[in-house]
Amino acid sequence: MTVNAASPAVTHDDGVQNQSFVGFLARRIPSALGGLLVTLLALLVFLFWVYTLVVTWIGHGDLSTPLFQTTVAAVLVVGVAFFARKTLGWLGLLIIAAAWCILSGLPLIPIVQVIVQAVLVTLMVAAAVFAVVAAEQAEKPRF
């Protein structure tokens, strides 16, 4: 005689069966580690911005990324990272902002450059919203 007992689904520690990418980025990390990572990020971004500023001032702007893109990306990435420092939600924004800075310096046909700029700026805004939502989800209690 065989008894077919219902077996429960395998879940992770937090009770989620299939955790999404948002859920991964919304996971809380220790405050000390998050603060250290964001402080290190802010320091590195500031040093890169100063390098870009100096290179632009001395007339060798082609040796670095454009100053405007570097400034906007630095402010956006560091601002969102400080807000979402208890999660890793800011990593996507960091990657897209780096791509924006790098691709802004490429000599492309003007219409292609405009399209690339528009797509990357849209992705950066979406990644910033994504990081803020992930940080807010991390603050909500889970049952």
Side-chain angles (χ1 to χ4, degrees), residues 4-143:
N4 290 336
S7 59
V10 178
T11 59
H12 299 290
D13 294 333
D14 60 357
V16 178
Q17 289 182 354
N18 293 323
Q19 192 173 22
S20 65
F21 186 64
V22 176
F24 170 73
L25 293 178
R27 293 184 105 183
R28 294 180 58 88
I29 58 174
S31 295
L33 178 62
L36 178 69
L37 287 174
V38 171
T39 302
L40 183 63
L41 172 73
L43 181 64
L44 290 175
V45 166
F46 178 73
L47 290 175
F48 184 71
W49 179 80
V50 168
Y51 167 76
T52 303
L53 182 66
V54 169
V55 166
T56 302
W57 275 356
I58 63 173
H60 296 289
D62 56 335
L63 297 176
S64 183
T65 59
L67 183 61
F68 175 75
Q69 279 80 358
T70 304
T71 304
V72 171
V75 169
L76 185 63
V77 168
V78 172
V80 169
F82 272 116
F83 179 79
R85 69 184 170 276
K86 295 180 183 176
T87 67
L88 294 176
W90 48 270
L91 286 177
L93 175 61
L94 176 64
I95 293 167
I96 295 169
W100 183 50
C101 289
I102 291 168
L103 294 177
S104 295
L106 292 179
L108 300 173
I109 300 171
I111 189 68
V112 174
Q113 185 72 11
V114 169
I115 292 170
V116 167
Q117 294 282 329
V119 167
L120 288 173
V121 168
T122 304
L123 287 174
M124 277 187 3
V125 170
V129 171
F130 178 78
V132 170
V133 168
E136 289 177 356
Q137 274 188 358
E139 296 296 322
K140 292 181 180 178
R142 297 180 189 208
F143 297 104

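Quick note: numbers below take in every heavy atom, side chains included, and nothing from hydrogens, waters or symmetry partners.
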Heavy-atom closest pair, residues [X] and [Y]:
X: V38; Y: A81; value: CG2-O, 3.4 Å
X: A84; Y: A131; value: CB-O, 4.0 Å
X: T87; Y: A134; value: CG2-O, 4.1 Å
X: I96; Y: A127; value: CD1-CB, 3.9 Å

- For the pair Q113 (side chain) and S104 (backbone), establish whether a donor and an acceptor sit closer than 3.5 Å, ignoring hydrogens and angles.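 It does hold such a pair.
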Any side-chain heavy atom of [X] sitting closer than 4.5 Å to one from [Y]?
X: Y51; Y: L63; value: yes
X: D62; Y: H60; value: yes
X: V78; Y: W49; value: no

- Message: Please list all pairs meeting side-chain hydrogen bond (donor to acceptor under 3.5 Å, both in side chains) that have one or both residues in residues 118-132, counting only residues at least two apart or in different chains.
- Response: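 Not a single pair qualifies under side-chain hydrogen bond (donor to acceptor under 3.5 Å, both in side chains).
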- Message: Is it the case that over 12 heavy atoms from other parts of the model lie below 6.0 angstrom from the CD1 atom of I58?
- Response: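 Yes, enclosed.
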- Decide yes or no on side-chain contact (heavy atoms from CB on, under 4.5 Å) for L37 and L41, but give the supporting numbers first. CA-CA 6 Å; L37 287 174; L41 172 73; over 6 Å; no
- Query: Considering residues at least two apart in sequence or located in another chain, which fulfil the side-chain hydrogen bond (donor to acceptor under 3.5 Å, both in side chains) criterion with T65?
  - Reply: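 With neighbours one apart ignored, the set is T70.
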